[in-house]
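Here's the structure we're looking at; comments come further down.
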Amino acid sequence: MTRSTVKELLSGEKVNSEVLLKGWVRTRRGNKNVAFIAVNDGTVIHNIQVVADAEKFPEEVLRDVTTGSSISVRGQLVESMGKGQSVEIQASELEVLGTSDPEDYPLQKKGHSFEFLREIAHLRFRTNTFGAVFRIRHALSFAIHNYFNEKGFFYLHTPIITASDAEGAGAMFRVTTLDLDNIPRDDRKKIEFGQDFFGRSTNLTVSGQLEGELGALALSSIYTFGPTFRAENSNTPRHVAEFWMIEPEMAFYDIHDNMDLAEDFLKYLVRYAMEHCADDLEFLNKMVDKELLERLRFIVSNDFVRMGYTEAVEILEKSGKKFEFPVKWGSDLQAEHERYLVEEEFKKPVILTDYPEEIKSFYMKQNEDGKTVRAMDVLFPKIGEIIGGSQREEDYDKLVQRMRSMDVPEEELWWYLDTRRFGTVEHSGFGLGFERLLMFVTGMSNIRDVIPFPRTPKNAEF
RNA sequence: UCCUCAGUAGCUCAGUUGGUUAGAGCGGCGGACUGUUAAUCCGUAGGUCGUAGGUUCAAGUCCUACCUGAGGAGCCA
């Protein structure tokens, strides 16, 4: 007999037939005569109730049916006599596959703090909240590929180990096979990377963008979706050292096409989650964030505000609001400024564009005003910047000039510059932090709780 | 990295101006209960008070350093 998942069983299609269930025990209730066992197999947030009459099973078998144990049950799927569930299994055979000592098993029926569950990240999948979060993580991963595939984008695998340290996107993790107890050094005490595995200094990638541009300038539209690494000592609920990023890059797109894509993409993903993860979202809305569903509905049904940086600064200056950091044209907006715009002024997502060139990266397209670049940041309620992107500078001379003034080593990026020498075209792209998106969609307030095994400073357990 | 707060039973927490033998709820264990829904009721075990120093007749409580965690800031996604 083939196993039925809890998802299949709860759909009710197999009612009044013989079924086989395998899963993990969440709780057991009951008395001397009958045991009610809530079983979950992770296929869906709900448990199925197994009813075991004590007289049918040896005492030692029922005694081993404890929270956390794994069991196999054969029985009749029937309409439930009790309230709280529509169907249940009347067990005829029950086998404990793996016991779980209740003295040691750390998960109890009652809720735990997320901080505690982080310490047992290997077991937190077995809780309702993390089951829901990681099912949604899967669904959105799938939705991302779906979206781009339907639009004719190609999934491009950019390298995880890179030699360029020129992106300027943050501190990097060094990759080396040199013997750290005996590092080869030249006469001037400089490390001889020529002896290292790649014959040069290498790092884990902080972004696949530059390589992504190379792909787009041949394949038209590409996207990357992979891990990225930042060695920054950031200790906040919004940063991890290893995270997943989605970076579409499109030839023949200007900044407006780029914004249209970003908005459409985000709405698609939120809508996808609402359609495919309704049960999990409902649970999270009830247990984690009471305004979650309302916020998600709001996102898909409202246009994002689009506005230039300069205008945003004016609005902030006129707001009369006292900020901890003063608003000044030329300096980057602080978290409190962004929050004001999104949560108080407009009460919807905001896309800011045309930032001063001094605070943005070398590759962004320079505007005619000589002061600003065609950057775009998508700001979301609760989590702040969810997307950062830009139209890229396609003019060789302007790009080189900018690199020189920003001390970006052009000789290291000869391959990047080549795309501007040979058939350069207007193009654009952006980066979406996958975990930031998940925080928004799940309502979880700490990024460490939307990635299975978070990597943060001083923490690489599991 | 900076600022603030926290660390007491397996979990979540209480513990007064420093003062006898450190408490509760949940969980665990034992028992009761003929269908339970985070079941209920009775009983019970369980503690190097984050670590190391210091002040004091006396430290869970005060001081210092460190470790860990959380929130805020910066960096950013």
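In what follows, every chain begins at residue 1, and chains take the letters A, B, ... in the order their sequences are listed.
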Discussion item. Would you measure the distance from the P atom in rU48(B) across to the matching atom in rU34(B) and give it in whole Å?
Written reply: 41 Å
Worksheet entry | Pairwise side-chain contact, Phe243(A) with Phe434(A), heavy-atom cut-off 4.5 Å (strictly under) | no
Worksheet, complete the sentence: Any strand, both distances under 3.5 Å, Watson-Crick or G-U wobble: rG69(B) pairs with rC5(B)
Worksheet, complete the sentence: Asp101(A) atom CG is separated from rG28(B) atom C1', nearest whole Å, by 9 Å
Item to complete: State whether Arg29(A) places a side-chain N or O below 4.0 Å from either non-bridging phosphate oxygen (OP1 or OP2) of rA39(B).
Response: yes
Worksheet item: In the strands shown, is rC75(B) matched to any nucleotide by a Watson-Crick or G-U wobble pair with both distances under 3.5 Å, and which?
Response: none
Practice prompt. Please tell me if the side chains of Thr419(A) and Glu213(A) come closer than 4.5 Å, counting only heavy atoms from C-beta onward.
Written response: no
Worksheet entry | Position toward the 5' end of RNA chain B (nearest nucleotide), Val240(A) or Leu333(A) | Leu333(A)
Item to complete: Answer with yes or no whether Ser234(A) presents, from its side chain, a donor or acceptor under 3.5 Å of a partner atom in the base of rC76(B).
Response: no
Item to complete: Pick base, sugar-phosphate or nothing for Arg448(A), based on heavy-atom distances below 4.0 Å to the nucleic acid.
Response: sugar-phosphate
Practice prompt. Classify the ring geometry between Tyr272(A) and Tyr268(A) as parallel (under 30°), tilted (30 to 60°) or perpendicular (over 60°).
Written response: tilted
Practice prompt. Look at Lys458(A) and rG69(B) and indicate whether a side-chain polar atom (N or O) is within less than 4.0 Å of OP1 or OP2.
Written response: no
Fill in: d(CG, Asn40(A); P, rA38(B)) in whole Å
15 Å
Worksheet item: Separation of Asp53(A) atom CG from rU36(B) atom P, in whole Å?
Response: 14 Å
Discussion item. Using a 4.0 Å heavy-atom cut-off, does Gly384(A) contact any base of the nucleic acid, only the sugar-phosphate backbone, or nothing at all?
Written reply: nothing
Worksheet item: Can you find a donor-acceptor pair, distance only, under 3.5 Å between Gln108(A) side chain and rG28(B) base?
Response: no
Item to complete: Look at the side chain of Asn31(A) against the base of rU36(B) and say whether a donor-acceptor pair falls under 3.5 Å; ignore hydrogens and angles.
Response: no
Discussion item. Taking pairing as Watson-Crick or G-U wobble with both contacts under 3.5 Å, can you name the mate of rC26(B), or confirm there isn't one?
Written reply: rG10(B)
Practice prompt. Please state the P separation for the pair rG7(B) and rA45(B) - nearest whole angstrom.
Written response: 27 Å
Worksheet item: For Phe243(A), which contact category applies under a 4.0 Å heavy-atom criterion: base, sugar-phosphate, or nothing?
Response: base
Worksheet item: Just wondering, do Asp279(A) and His46(A) contact through their side chains at under 4.5 Å, heavy atoms?
Response: yes
Fill in: Steps toward salt bridge (charged side-chain N to carboxylate O under 4.0 Å, His left out) verdict (Lys22(A), Asp41(A))
CA-CA 7 Å; Lys22(A) 294 182 184 187; Asp41(A) 66 359; over 6 Å; no
Practice prompt. With Leu437(A) as reference, evaluate Ile246(A), Val450(A), Leu266(A) under the side chain to side chain contact (heavy atoms under 4.5 Å, CB included) test and give the passing residue.
Written response: Leu266(A)
Practice prompt. Evaluate the ring planes of Phe114(A) and Phe130(A), with Trp represented by its six-membered ring, and classify them as parallel (under 30°), tilted (30 to 60°) or perpendicular (over 60°).
Written response: perpendicular
Worksheet item: Among rG71(B), rA73(B), rU12(B), which is the nearest nucleotide to the side chain of Thr236(A)?
Response: rA73(B)
Discussion item. Suppose you measure atom C1' in rU4(B) against the same atom in rC11(B); what distance do you get, rounded to whole Å?
Written reply: 26 Å
Worksheet item: NA contact type, Asn235(A), heavy-atom cut-off 4.0 Å: base, sugar-phosphate, or nothing?
Response: base
Worksheet item: For the side chain of Ala335(A), counting heavy atoms from C-beta on, which of rA70(B), rG74(B), rC11(B) is nearest?
Response: rG74(B)
Item to complete: Take atom P in rA6(B) and the same atom in rG10(B), then report the distance between them in whole Å.
Response: 23 Å
Discussion item. Over all strands shown, is Pro102(A) touching base, sugar-phosphate only, or nothing at heavy-atom distances under 4.0 angstrom?
Written reply: sugar-phosphate
Discussion item. Can you identify which nucleotide, out of rG35(B), rA38(B), rG71(B), has its nearest atom closest to the Lys109(A) side chain?
Written reply: rA38(B)
Worksheet item: Which residue lies toward the 5' end of RNA chain B, Gln49(A) or Met245(A), if each is placed at its nearest nucleotide?
Response: Gln49(A)
Worksheet item: Which is true for Ser80(A) with a 4.0 Å heavy-atom rule: it touches a base, it touches only sugar-phosphate, or it touches nothing?
Response: base
Worksheet entry | Presence of donor-acceptor pair under 3.5 Å, side chain of His239(A) and base of rC76(B) | yes
Worksheet item: Checking all strands, does Ile386(A) fall into the base, sugar-phosphate, or nothing category for heavy-atom contacts under 4.0 angstrom?
Response: sugar-phosphate
Worksheet item: Looking across every strand, which nucleic acid part, if any, lies under 4.0 Å from Glu55(A) by heavy atom: base, sugar-phosphate, or nothing?
Response: nothing
Practice prompt. Measure from CG on Leu107(A) to P on rA38(B) and round the result to the nearest Å.
Written response: 17 Å
Worksheet item: Of the candidate nucleotides rC33(B), rG71(B), rG35(B), which contains the atom at the shortest distance from the side chain of Lys32(A)?
Response: rC33(B)
Worksheet item: Can you find an N or O donor on one side and an acceptor on the other, under 3.5 Å apart, linking the side chain of Gln85(A) with the base of rU36(B)?
Response: yes
Worksheet item: What integer number of Å spans the C1' atoms of rG60(B) and rC13(B)?
Response: 14 Å
Discussion item. For a quick test of reading the model: is some side-chain N or O of Lys83(A) closer than 4.0 Å to OP1 or OP2 of rU37(B)?
Written reply: no
Worksheet item: If only side-chain N and O atoms of Arg63(A) are considered, is one of them under 4.0 Å from the OP1 or OP2 phosphate oxygen of rC29(B)?
Response: no
Discussion item. Pairing check on rC62(B): which nucleotide meets the Watson-Crick or G-U wobble criteria with it, both distances under 3.5 Å?
Written reply: rG54(B)
Worksheet item: P atom, rG31(B) versus rU12(B): distance in rounded Å?
Response: 29 Å
Discussion item. I'd like the C1' distance from rA59(B) over to rA22(B), given in whole Å.
Written reply: 13 Å
Worksheet item: Just to confirm, is there a sub-4.0 Å distance from OP1 or OP2 of rA70(B) to any side-chain nitrogen or oxygen of Arg118(A)?
Response: yes
Item to complete: Rounded to the nearest angstrom, tell me the gap between atom CZ in Phe323(A) and atom P in rG74(B).
Response: 13 Å
Worksheet item: Hey, mind stepping through Ser390(A) and Arg392(A) against side chain to side chain donor-acceptor pair (under 3.5 Å) and telling me if it holds?
Response: CA-CA 6 Å; Ser390(A) 69; Arg392(A) 319 306 190 188; 2.6 Å; yes
Worksheet item: Should Ser428(A) and Asp257(A) count as side-chain neighbours, where that means a heavy-atom distance under 4.5 Å?
Response: no
Practice prompt. Report yes if a side-chain nitrogen or oxygen of Asn233(A) is closer than 4.0 Å to either non-bridging phosphate oxygen (OP1 or OP2) of rG74(B); otherwise report no.
Written response: no
Discussion item. With a 3.5 Å cut-off and heavy atoms only, can you find an N or O donor on one side and an acceptor on the other between the side chain of Glu324(A) and the base of rG72(B)?
Written reply: no
Worksheet entry | Below 4.0 Å: OP1/OP2 of rA73(B) and any side-chain N or O of Arg238(A) | yes
Worksheet item: Is the base of rG35(B) touched by the side chain of Gln90(A) through a donor-acceptor pair closer than 3.5 angstrom?
Response: yes
Worksheet entry | Watson-Crick or G-U wobble mate for rG35(B), both contacts under 3.5 Å | none
Practice prompt. Can you tell me, in whole Å, how much space there is between the P of rA73(B) and that of rG15(B)?
Written response: 29 Å
Item to complete: Evaluate salt bridge (charged side-chain N to carboxylate O under 4.0 Å, His left out) for Asp280(A) paired with Arg137(A), printing each intermediate quantity in order.
Response: CA-CA 11 Å; Asp280(A) 289 327; Arg137(A) 189 180 168 106; over 6 Å; no
Worksheet item: Which one, rG35(B), rG72(B), rU34(B), comes nearest to the side chain of Pro237(A)?
Response: rG72(B)
